[in-house]
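Everything on this sheet refers to the single structure shown next.
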Number of protein chains: 2
Amino acid sequence: MAASQEDLLLKIQEQGDLVRKLKAAKESNERGKGFKEVYNFEEIDKHLSHYSYICGYVPSKPDVDVAKALKSLDFSNYKYIKRWWNHMRSFSDTEVSLFPDFRQPNFLKYNSKKILESQVKEEVSKLLALKAQLVTEDAGPQKFTLKTPKGTRDYNPQQMTIRNNVLDKIITVFRRHGAECIDTPVFELKDVLTGKYGEDSKLIYDLKDQGGEILSLRYDLTVPLARYLAMNKITTLKRYHIAKVYRRDNPAMTRGRYREFYQCDFDIAGVYDPMVPDAECLKVVTEILEALDIGQYILKVNHRRLLDGMFEACGVPADKFRTTCSTVDKLDKSPWEEVRTEMINEKGVSPDAADRIGEYVRLNGSTELVEKLLKDEKLSKVKAALEGVEAIKTLLQYCELFGIKDKILFDLSLARGLDYYTGVIYEAVLTQPIKIGNEEQTVGSIAGGGRYDNLVGMFDSKNKQVPCVGVSIGVERIFSVLEAKLAAGDITVRTSDIDVYVASAQKNFLEERMKICAELWDAGIKTEQSYKKNPKMLNQLQHCEENKIPLAVVLGDSELKRGVVKIRNITTREEDEVPRNDLVQEIKKRIDNLNLNQLNGAT
Amino acid sequence: MAASQEDLLLKIQEQGDLVRKLKAAKESNERGKGFKEVYNFEEIDKHLSHYSYICGYVPSKPDVDVAKALKSLDFSNYKYIKRWWNHMRSFSDTEVSLFPDFRQPNFLKYNSKKILESQVKEEVSKLLALKAQLVTEDAGPQKFTLKTPKGTRDYNPQQMTIRNNVLDKIITVFRRHGAECIDTPVFELKDVLTGKYGEDSKLIYDLKDQGGEILSLRYDLTVPLARYLAMNKITTLKRYHIAKVYRRDNPAMTRGRYREFYQCDFDIAGVYDPMVPDAECLKVVTEILEALDIGQYILKVNHRRLLDGMFEACGVPADKFRTTCSTVDKLDKSPWEEVRTEMINEKGVSPDAADRIGEYVRLNGSTELVEKLLKDEKLSKVKAALEGVEAIKTLLQYCELFGIKDKILFDLSLARGLDYYTGVIYEAVLTQPIKIGNEEQTVGSIAGGGRYDNLVGMFDSKNKQVPCVGVSIGVERIFSVLEAKLAAGDITVRTSDIDVYVASAQKNFLEERMKICAELWDAGIKTEQSYKKNPKMLNQLQHCEENKIPLAVVLGDSELKRGVVKIRNITTREEDEVPRNDLVQEIKKRIDNLNLNQLNGAT
């Protein structure tokens, strides 16, 4: 990548400053006075090859002085300074303020006339080289690589059409269940996000401190919802929220994993009878997956109380429940043997306990598994486990009433990563790969959620709880599948829905076209024309065909003189004349007919 | 607002640091040495009440030293320091590096033993007071003030309904004109935004450098569009983009000015005949303002070439065109006298030239003004001015064809702030205040835009231009007006659109309700029920009335035994029985009838 003109100018300015300072230092040196701001980086680098800090083995104020001075240093020749600099950056302002105030050692600064002379020469020649570069670069536009930030993407009109179609289907289901819509800012006070995501907190995007509040981009829509409920003292709400969230993860964009991505959340907050809203969340997910029609799926369910009870029954100490749970969560990607090893070696679970857990997490099924667990010798003695199993029993019963029980898999290996779940947890998984062109793509998990009864209380000054349950649809994976289908030619989309194109057969019809366009627009008809004064007829018709515009109004000399215009059906290429004055009505009639035909064709 | 525990701990730490430093200063003072980092802010504030800077009337290194030292100063007692600090922050790093290196004046630091003694005492007592506060606060859940970041807001369901209604109307108009939809990430590489916004660049939100790319939140949707076009080598596009943008401005939220706010942009890119797409942008604005029905408006238009030509004709040197233009832009808020003073005193325009400009900028009108200017002695000699006026002439002609000429005001005082405009510029202004309850609110400017032919080229390595013209609708002001109307009871909104509520008259009907809900949902009917096992009949009906749900299915023992259910019309309170097996069909029929009645009622 070539340096941009701006960069170059900046470098020249900085190099110029340095030369000026060196010359001044040389002068004042000759007058016997030190010039404090010119550091000898060669010497400093040499020193730091042996010592941790400027004054030895503890950081001190001289470290701070040097750090300030080298803000714009090119580190490529100073590898020890670079190591030290990265280290210095890790200190907080408070830590820095506590550094002892040692005297600056002599090697820091240029202090011999000789060094200065050669140094001035060297820096002047660097400056000249930079200026020479300026001349050979042409004074063109900026030259940095044009791209979107890592892990993000633009949506072109076709991709937007796909995206909006998917979101519309999801919103239709959300609203069918009476959910209201809310929105929150893209960033929150950093404090709001602190302590909510466990290990994943490192993935949060922070904003730069530009004076004022310390902010972070939202990581999900659940914590902002909890903040919203607590802040407004709302105790019941059924809401959906569709918005982008931000995670500094390693993106795998072809598989629909981004740093900026959409979440579609549906949550029910309020004190209700057990499992009634929880079952509705599962019903919502099935309706969405049916509407999207992307293949067979199952909804895995489990319960955090059962997991806790299971860990207890297997002999895991209570303070290791959460961390053991995160390890179980890896079972969808890793085999049991690996998970077992991690439990024992990293989480400190005993091999016996791990083996007992291994017995349970391979279990999955439905009502018969519930009955089996209720009679399980170990589990039936643990209160939490029994509560969890009873809850799943109720959930399965409600799912049967909702007609979705055949989609539900009670799976003891389902754990979910996030700390804040307290009850039922669920995850929707596509069970077959999706065919795209001649290839197949595995999608896997496509929605997830659960109950979190304690999150809102974390924001309330009196710790007042608002129990919540919800589900989040992972639309990016759906987008990426549909986009792949589009690219493979399996589906097509129309990115604009223009009904009428106003064309002219001969020259000099711009004014007449404009008048007709205005009439059609004012009648609410979706209309386009060429922005050229004298477009070619062929180009105009081609535009209609490419954009699947069904009708064209074609203006011609002879017709206008007779007070008529031609209407052309783009598909059939039939043309007929209608009186100029009846145009709007005629067009409306034809659009209605086209829509009717399309409807009938579809049924 | 109580300070949070964390804030308090931080304050204690900082106060402790200060006390420690003061004690050290006192000690070293007693040993006859100054301690460089303890500044006497009282003295500095007094000094700055008379002087611009620490060393008089030019900024110097001592200003930088003090600025660094007061990072965490509470400004409330130091109003002159605050003024100076705000000023200091406006210097760039490069400017700062060029400040002369004066000696620090004596008043800067505590230099008398006496002051230090009393000072140490005072600060120690402050520290003790802070620590006392710490003890009395109990260690409950987190205690920071729950709020959204400065200048941002949540949207509750009613506000979302208003917002979505407004956006739907705008999208309908955009799509009627054949615009396609695109989307871009919320942040861009900082380089993309650099050098595009002139003085306003200081309002850009930067992300923290967490390793990797340097990013900023988007400031508008125009620069991302230009980046998108250049990056994808797109030369023609008619697109709309509705998304939030971010500006670290001083918010005036009651008037709809936020730091996070929506923009609705419509732009046409491509090489076309003059003023054809430009006129369509104006047509789009009129259709939107008509659809929103928020009162009378005018569309002011002007042309950057005409402004340049006018400045030339008035004797402004070419290198001062842009800065003079920014000054003219203030005419919508300031009287001519103030603008004239700024031109002369700050922009270096001669008084004569300013007076000549003053003659022109008071002109506005329509075709007759075009004719007058074409004959104007001074303007007609300047090529740029003639080009501009001719362009406006064509624009007015096209606006007449579009039937919107009566809305257009050719106004020589319209300048628009942004640097990148190259041709026509426009601004839509509401001409009458809006009535809200018993009060009236002035809204003013509600849309703006213009032609920018050189922006895309700034991103292209070969400087290839893609001429563009577009307009941006300022929806936040519209939202705030409608929300005020909602609060005043002038309008009402429905936040969910449930058609049927499934209620039970007696206990133990949860299961039956669930089955019926599932049937209705599966038939695509918007249905709700209580999440309680045994809700009270009265509460269920109240819920329907409050949420304007038109129908309820009421389950009762006797009816179910007879194989029927009751349907209740919530408005008329009429109930009748239908066979349980025909329920879905019956409900569909009634919803269709209700919709039909509503339609007929509306026409």
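Residue numbers start from 1 in every chain, and the chains themselves are labelled A, B, ... in the order their sequence lines are given, proteins ahead of strands.
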Got [X] and [Y] here, is their nearest side-chain heavy-atom distance under 4.5 Å?
{"X": "A:K244", "Y": "B:D183", "value": "yes"}
{"X": "A:L401", "Y": "B:L510", "value": "no"}
{"X": "B:M231", "Y": "A:T148", "value": "yes"}
{"X": "B:M514", "Y": "A:V276", "value": "yes"}

When only pairs under 4.5 Å are counted, which of [options] shares the most heavy-atom pairs with chain A?
{"options": "B:I549, B:T495, B:L520", "result": "B:T495"}
{"options": "B:R248, B:M275, B:K515, B:Q529", "result": "B:R248"}
{"options": "B:H177, B:R163, B:E400", "result": "B:H177"}
{"options": "B:G524, B:G403, B:S216", "result": "B:G524"}
{"options": "B:K238, B:E290, B:E519", "result": "B:K238"}
{"options": "B:Y398, B:Y531, B:Y272, B:Y155", "result": "B:Y531"}

Item to check | Cationic N near anionic O, under 4.0 Å, B:K147 to A:D191 | outcome: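 Looking at A:D191 together with B:K147, the answer is no, because their closest N to O distance does not fall below 4.0 Å.
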
Checklist entry - Are the charged groups of A:K533 and B:D273 less than 4.0 angstrom apart, N to O? => result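 Here A:K533 does not pair with B:D273 in a salt bridge, since their nearest N and O are not under 4.0 Å apart.
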
Minimum heavy-atom distance between [X] and [Y], given as atom pair plus value:
{"X": "B:R175", "Y": "A:S496", "value": "NH2-CA, 3.6 Å"}
{"X": "A:L146", "Y": "B:R227", "value": "CD2-CG, 3.7 Å"}
{"X": "B:D154", "Y": "A:N232", "value": "OD2-ND2, 4.4 Å"}
{"X": "A:P157", "Y": "B:Y228", "value": "CD-OH, 3.7 Å"}
{"X": "B:Y205", "Y": "A:Q210", "value": "CA-OE1, 3.5 Å"}
{"X": "A:L217", "Y": "B:L207", "value": "CD1-CD2, 4.1 Å"}

Against chain A, label [X] side chain, backbone, both or neither, depending on which of its atoms sit under 4.5 Å from a heavy atom there.
{"X": "B:N164", "answer": "side chain"}
{"X": "B:E280", "answer": "side chain"}
{"X": "B:I498", "answer": "side chain"}
{"X": "B:I404", "answer": "neither"}
{"X": "B:A291", "answer": "neither"}

Checklist entry - Picking from B:E260, B:R153, B:R259, what satisfies side chain to side chain contact (heavy atoms under 4.5 Å, CB included) with A:P185? => result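 Output: one option passes, namely B:E260.
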
Please rank [options] by heavy-atom pairs under 4.5 Å with chain B and give me the top one.
{"options": "A:D209, A:I268, A:T172, A:N534", "answer": "A:I268"}
{"options": "A:A518, A:C181, A:G211", "answer": "A:C181"}
{"options": "A:P149, A:P274, A:G195", "answer": "A:P149"}

Please report the interatomic distance [atom1]([X]) to [atom2]([Y]), rounded to the nearest 0.5 Å.
{"X": "A:R176", "Y": "B:K526", "atom1": "CZ", "atom2": "NZ", "answer": "9.5 Å"}
{"X": "B:N547", "Y": "A:E180", "atom1": "CG", "atom2": "CD", "answer": "7.0 Å"}
{"X": "B:K150", "Y": "A:L215", "atom1": "NZ", "atom2": "CG", "answer": "11.0 Å"}
{"X": "A:D522", "Y": "B:E287", "atom1": "CG", "atom2": "CD", "answer": "6.0 Å"}
{"X": "A:F402", "Y": "B:C517", "atom1": "CZ", "atom2": "SG", "answer": "6.5 Å"}

Checklist entry - Any luck finding a side-chain donor-acceptor pair between A:Q397 and B:E511 under 3.5 Å? => result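 There is such a pair (donor and acceptor under 3.5 Å, judged by atom type) between the side chains of A:Q397 and B:E511.
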
Segment of [X] engaging chain B (4.5 angstrom heavy-atom cut-off):
{"X": "A:I204", "value": "backbone"}
{"X": "A:K283", "value": "side chain"}
{"X": "A:V271", "value": "backbone"}

Next on the checklist: For the NZ atom on B:K202, are there more than 12 heavy atoms of other groups (residues, nucleotides or ligands in this structure) within a distance under 6.0 Å?
Outcome noted: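 Buried by this count: over 12 neighbours within 6.0 Å.
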
